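Just so it is clear: chains get the letters A, B, ... in the order the sequence lines come, proteins before strands, and each one is counted from 1. Hydrogens, waters and symmetry mates play no part in the numbers below; they use all other heavy atoms, side chains included. In this text, all values refer to a predicted model and were calculated from it rather than measured experimentally.
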Amino acid sequence: MANDIPLSWFLYFAAAAFATGLVGVLLRRNAIAVLMAIEIMLNAANVNLVAFWRYGTPAAGSGPLPGVIIALLVITIAAAEVAVGLGLILLCYRRWRAVDVDRYDSMSG
Amino acid sequence: MGVAVVARILFLAIAALGLLAALGTVLSRNLVHAAIHLVGFFLCVAGLFVMLEAEFLAAVQVLVYVGAVAILLMFGIMLTRNTRGDDASSLSGPWRTPGLLAGLCVFAVLVFGINNAVSPAGKGLWVETTTRPALVPRDDEPAWESERRRAIDDMARVVGVEFMTRYAMAFELAGLLLTAALVGAVALAHRDEHPSASGSEDDSREETVEEPVGSAPS
């Protein structure tokens with residue numbers, strides 16, 4: 001495609017998406033909504049990785065597409081995290097009959 | 001020049017849609033609406049991957065995120081039916097202002113870093129590196145540029161080759177992590193089926209919801 005979208009535009013988009021995800025993690029009370037916000041943050045990091053891969057000069061010995069490989073690994077980790085997170089949420093739901101993270105306060109003093 | 005303007009407008013449209021979808025995911029009170037907004041955000045990110053000439057990654061994004069993660073989240077929403085009105089109070093009240101402030105501060109810090117950082121090559125700002133390496137072959141191009149062009153032209157094959165050679169250990173570790181995570185998720189969510197323990201324990205748990213963990217009946 002075209003050659004001259006500035007790199008910083010991708011970075012601004014990723015920064016805004018990351019901040020949005022952070023607000024979601026901080027403000028939402030529903031555990032599944034928190035999980036969705038974490039996914040938004042991981043996607044923002046992926047955009048950064050791929051943008052730097054495409055625009056930058058690769059380091060010696062890193063191969064032709066290091067950023068894409070790392071983004072694929074991040075996607076793998078996100079999938080694993082969603083599986084474990086949903087297992088934990090189901091466990092907590094069965095225990096407390098709620099998915100509200102404010103109610104999971106058994107360890108607070 | 002016309003192509004550049006069209007590409008920029010396309011980028012701005014995709015990015016604006018993606019940010020709106022992210023905001024919708026965070027702010028919508030209905031969880032199913034939030035999940036649908038999240039699917040839109042994933043698709044916009046896939047579009048950005050296409051604009052970065054990583055089409056294989058865009059395909060993986062659509063397959064894994066839209067096809068698997070979003071469906072998994074939908075199942076999670078359906079399995080945890082909100083019995084205590086979690087939907088009505090989606091944003092926790094007293095912490096709304098500090099949370100928004102924290103998000104704005106993080107965004108400001110990131111924008112400051114993007115505007116002021118020096119690129120790894122040490123020549124100028126990120127903002128000024130507006131040209132990415134072209135895909136058309138040149139005579140005097142360095143070796144990595146032609147290598148990358150071949151990789152972009154045939155990304156799926158090159159990703160496979162890289163995973164089998166240079167990143168073999170990372171590949172194996174990712175597979176191990178996925179196996180452990182899925183087995184762990186099944187072990188976590190598995191309901192105990194012992195006939196002696198299950199009935200009484202579940203009943204007592206439902207009655208003593210307010211009790212802390214330590215005081216569960218033994």
If we only count heavy atoms from C-beta on, is the B/E55 to B/M155 side-chain gap below 4.5 Å? no
Specify which of A/A17, A/G87, A/G24, A/G63 makes the most heavy-atom pairs with chain B at under 4.5 Å. A/G63
Sort A/I75 into side chain, backbone, both or neither according to what part of it lies under 4.5 angstrom from a heavy atom of chain B. both
Name the region of B/A15, side chain, backbone, both or neither, that has any atom closer than 4.5 Å to a heavy atom of chain A. both
Measure the CH2-CD1 distance between A/W53 and A/I70 for me, rounded to the nearest 0.5 Å. 12.0 Å
Most heavy-atom pairs under 4.5 Å with chain A, out of B/V159, B/L12, B/V64, B/V158, belong to B/V159
Max heavy-atom pairs within cutoff under 4.5 Å with chain B, candidates A/L86, A/N43, A/V23, A/L65, goes to A/N43
Please determine whether side-chain contact (heavy atoms from CB on, under 4.5 Å) holds for the pair B/L27 and B/H37, giving the CA-CA distance in whole Å, both sets of side-chain angles, and the decisive distance to 0.1 Å. CA-CA 10 Å; B/L27 295 181; B/H37 279 117; over 6 Å; no
Just how far is it from atom OG1 of B/T25 to atom CG of B/L38, taken to the nearest 0.5 Å? 4.5 Å
Comparing B/L73, B/L173, B/T179, B/V60 against chain A, the one with the most heavy-atom pairs below 4.5 Å turns out to be B/L73
For the side chain of B/D154 and the backbone of B/R150, is there at least one donor-acceptor N/O pair under 3.5 Å apart? no
Out of B/A21, B/G18, B/G99, B/G175, return the one with the most heavy atom pairs under 4.5 angstrom to chain A. B/G99
Identify which part of B/A16 has an atom lying under 4.5 Å from any heavy atom of chain A, answering side chain, backbone, both or neither. neither
Of the backbone (N, CA, C, O) and the side chain (C-beta and beyond), which part of A/F18 lies under 4.5 Å from a heavy atom of chain B, both, or neither? side chain
Between A/L88 and chain B, with a heavy-atom cut-off of 4.5 Å, which part of the residue counts as in contact: side chain, backbone, both or neither? both
What residue, out of B/L79, B/L72, B/L23, has the most heavy-atom pairs lying under 4.5 Å from chain A? B/L72
Taking the six-membered ring for Trp, are B/F42 and B/Y65 parallel (under 30°), tilted (30 to 60°) or perpendicular (over 60°)? tilted
Flag the pair B/F11 / A/F10 as yes when at least one side-chain heavy-atom distance between them is below 4.5 Å, and no otherwise. yes
Parallel, tilted or perpendicular: which one describes the rings of B/F171 and B/F163, with boundaries at 30° and 60°? tilted
Which bit of B/L101 is near chain A, if near means a heavy-atom gap under 4.5 Å: side chain, backbone, both or neither? neither
Between A/M36 and B/I77, does the side-chain contact (heavy atoms from CB on, under 4.5 Å) criterion hold? Intermediate values first, please. CA-CA 11 Å; A/M36 290 183 197; B/I77 291 167; 3.7 Å; yes
For A/I40, is it the side chain, the backbone, both or neither that has a heavy atom under 4.5 Å from a heavy atom of chain B? both
Between A/A19, A/G21, A/A37, the one whose heavy-atom pairs under 4.5 Å with chain B are most numerous: A/A19
Is there a donor-acceptor contact under 3.5 Å from the side chain of A/R28 to the main chain of A/L35? no
Option in A/V34, A/N46, A/V25, A/I69 with maximal non-hydrogen atom pairs under 4.5 Å from chain B: A/I69
